[in-house]
Undergrad: 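Structure in structure tokens, see below.
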Amino acid sequence: MPLTPLVHWAQRHEDIYLRVDLTDAQNVDVHVHEQVLQFRAQGHGAKGQNEYEFSLEFLLPVKSEVSHRSTQRQVNVILRKEQRGWWERLTLQERKPVFLVPDFDRWLDESDAEMEIREKEEKKNRLKSPRREEEGFVSLTTGILFVYNLVQFLGFSWIFVNMTVRLFIFGQDSLYDTFHTISDVMFFCQILAAVEVLNAAFGVVRTGVIPTLIQVVGRNFILFIIFGSVEEMHNQPVVFFVFYLWSAIEIFRYPFYMLGCFNTEWKTLTWLRYTIWIPLYPLGVVAEAVAVIQSIPVFDETKLFSITLPKAVGTSVSFSYVLRIYLVLMFLGLFINFRHLYKQRKRRFRTKKRKAN
């Protein structure tokens, strides 16, 4: 009696991918009839050498043409959707079959799949670019992006080196005057960083608008509101840790983007760009949170940015309430950006691994 194999699935906007766990499969028969896929083959599966079969009734129609390829380890099946779109599930029945599991090697959510499409289109456009570009012509956009990343790299490198040297020379004393010695350059770099939101919004670079906006707005809020507007925060050691962690991330990110402007890669730099944020980014958020917490009593005392209510109410709303809400939003933003960066890292090194194989 035929047994049921383990089936992994994933999707894109136009395709369905199935991976059937059958070793040395033979006599593979795969066909689609009236939205139902029928699979039958002989091979070595979870219950040994046997005949295996299964059927799937899809959520929406698929084209009758089915492509499949057998390897020593599995059977790969690709189907085309009748209409381009994103399915909320694979099967018509809401409860998925027990033998069907996600294919995490191929799995992407809808936004990541759209990004993958854009990357493929951009790759095609690069291959179709004029011959003069292949011979060294640099487009205006590429040149501007390179200059922007170079300026940011130089700015954050100056900050990082300056703070490191001062730490070795003056020791603990350097923690208390970081704002006075570094803030001008940090103000410049963070104001300039607003360009990255515009680049993402207009599709100049391949990155999500929301994660970029969260980082730029979050940093500028800490820099201009918490540090810049409250003189009592200027001499706090937390300024040193915030600035140092920010610059430590950026001195690897911006040179990576500089090389990317010319489709060039340095493997060590690539690994650092997609790895160094794992410890530094959460530490940076914690340091920012400490700065916000330290500033709350100051805003309560000075009434800075407080909202004055009508005399009938007879009170005012302290800006510290906004800061308490912002603390919650900070860690929500940490989750969103951490998830985004992790997906980027996983996709980057998964792609490299596939190319190597």
Undergrad: Distance check, rounded to the nearest 0.5 Å: T212 atom OG1 versus H340 atom NE2?
TA: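 The distance works out to 6.0 Å.
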Undergrad: With sequence neighbours left out, what residues match Y176 under ring pair (Phe, Tyr, Trp, His ring centres under 6.0 Å)?
TA: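 By the ring pair (Phe, Tyr, Trp, His ring centres under 6.0 Å) rule, Y176 matches no residue at all.
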Undergrad: Does any N or O in the side chain of T275 come within less than 3.5 Å of the main-chain N or O of L272, such that one atom is a donor and the other an acceptor?
TA: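 Side chain of T275 to backbone of L272: no pair is present.
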Undergrad: Going by side chain to side chain donor-acceptor pair (under 3.5 Å), D300 matches just one of S318, S306, S295. Which one?
TA: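 So, applying the side chain to side chain donor-acceptor pair (under 3.5 Å) to D300 and each of S318, S306, S295, only S318 qualifies.
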Undergrad: Checking side-chain contact (heavy atoms from CB on, under 4.5 Å) for the pair L145/N199: CA distance, chi angles, key distance, verdict?
TA: CA-CA 9 Å; L145 284 176; N199 289 341; 3.7 Å; yes
Undergrad: Distance from F153 atom CZ to F252 atom CZ, nearest 0.5 Å?
TA: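 The CZ atom of F153 sits 9.5 Å away from the CZ atom of F252.
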Undergrad: Whether E14 and R84 form a salt bridge (side-chain N of Lys/Arg under 4.0 Å from carboxylate O of Asp/Glu) is what I want to check.
TA: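 Yes, charged N to carboxylate O under 4.0 Å.
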Undergrad: As a test of understanding, state which of V7, V66, V28, I16 forms a side chain to side chain contact (heavy atoms under 4.5 Å, CB included) with V77.
TA: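 Output: one option passes, namely V66.
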Undergrad: Scan residues 45-72 for pairs that pass ring-ring contact (aromatic ring centres under 6.0 Å, His included), counting only residues two or more places apart or in two chains.
TA: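 Qualifying pairs, neighbours excluded: F39-F54, F54-F99.
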Undergrad: Quick check for you: to the nearest 0.5 Å, what is the distance between F241 atom CZ and W246 atom CH2?
TA: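 If we round to the nearest 0.5 Å, F241:CZ and W246:CH2 are 15.0 Å apart.
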Undergrad: How many angstroms lie between NE2 in H31 and OG in S64, if you round to the nearest 0.5 Å?
TA: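 It comes to 11.5 Å.
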Undergrad: Between D109 and R339, is there a side-chain N and carboxylate O pair less than 4.0 Å apart?
TA: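 R339 and D109: salt-bridged.
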Undergrad: Count the heavy atoms belonging to other residues, nucleotides or ligands that lie under 6.0 Å from CZ of R89, then report whether that count exceeds 12.
TA: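 For R89, atom CZ is crowded (more than 12 foreign heavy atoms under 6.0 Å).
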Undergrad: For the pair F243 and L223, evaluate side-chain contact (heavy atoms from CB on, under 4.5 Å) and give the outcome as yes or no after the intermediate values.
TA: CA-CA 9 Å; F243 284 7; L223 180 61; 3.6 Å; yes
Undergrad: Which pairs, with at least one residue in residues 227-255 and sequence neighbours excluded, count as a salt bridge (Lys or Arg N to Asp or Glu O under 4.0 Å)?
TA: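 Output for this query lists E196-R253, R219-E250, E250-R253.
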Undergrad: With a 4.5 Å limit on heavy-atom distance, are the side chains of Y274 and T270 in contact?
TA: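 Sidechains of T270 and Y274: in contact.
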Undergrad: CH2 of W266: more than 12 outside heavy atoms within 6.0 angstrom?
TA: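 Atom CH2 in W266 is not packed in, count stays at 12 or less.
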Undergrad: With sequence neighbours left out, write down each residue that passes ring pair (Phe, Tyr, Trp, His ring centres under 6.0 Å) with Y244, or none if nothing qualifies.
TA: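 Ring pair (Phe, Tyr, Trp, His ring centres under 6.0 Å) check on Y244 returns F160, F240.
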Undergrad: Return yes when atom OH of Y342 has more than 12 non-hydrogen atoms of other residues, nucleotides or ligands closer than 6.0 Å, and no otherwise.
TA: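 No, not enclosed.
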Undergrad: Can you name the residues that form a ring pair (Phe, Tyr, Trp, His ring centres under 6.0 Å) with F338, not counting sequence neighbours?
TA: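 Partners of F338 by the ring pair (Phe, Tyr, Trp, His ring centres under 6.0 Å) criterion, ordered by chain and then number, come out as W277.
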Undergrad: With a cutoff of under 4.5 Å between side-chain heavy atoms, which Ile, Leu, Val, Met, Phe, Trp and Tyr residues group with Y17?
TA: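 Its cluster partners, ordered by chain and number, are I78.
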Undergrad: For E82, look at atom CD and say whether over 12 heavy atoms of other residues, nucleotides or ligands are found less than 6.0 Å away.
TA: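 Yes, the 6.0 Å shell around CD holds more than 12 heavy atoms from other groups.
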Undergrad: Show your reasoning for whether side-chain contact (heavy atoms from CB on, under 4.5 Å) applies to I159 and M186.
TA: CA-CA 8 Å; I159 292 171; M186 184 62 79; 3.7 Å; yes
Undergrad: Side chain to side chain donor-acceptor pair (under 3.5 Å) with E51: which of Q26, R40, Q42?
TA: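 Per the side chain to side chain donor-acceptor pair (under 3.5 Å) rule, the option paired with E51 is R40, out of Q26, R40, Q42.
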Undergrad: With a 4.0 Å cut-off, would you call D15 and R80 a salt bridge?
TA: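 Salt bridge between D15 and R80, a charged N being under 4.0 Å from a carboxylate O: yes.
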Undergrad: Name the orientation class of the two ring planes belonging to F179 and H234 (parallel below 30°, tilted from 30 to 60°, perpendicular beyond 60°).
TA: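 Rings of F179 and H234: parallel, as their planes differ by under 30°.
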Undergrad: State whether the side chain of K47 and the backbone N or O of T4 hold a donor-acceptor pair below 3.5 Å, judged by distance alone.
TA: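 Here the side-chain-to-backbone pair does not exist.
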Undergrad: What's the spacing between D21 CG and T23 OG1 if we round to 0.5 Å?
TA: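 That separation rounds to 7.5 Å.
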Undergrad: Once you round to the nearest 0.5 Å, how far does CG of L269 lie from CD1 of I276?
TA: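 So the CG of L269 and the CD1 of I276 are separated by 11.0 Å.
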Undergrad: Is the distance between the ring centroids of Y257 and Y148 less than 6.0 Å?
TA: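 Centroid distance Y257-Y148: not below 6.0 Å, so no.
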Undergrad: Within the side chain of Q93, is there an N or O that forms a donor-acceptor pair under 3.5 Å with the backbone of R95?
TA: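 Side chain of Q93 to backbone of R95: a pair is present.
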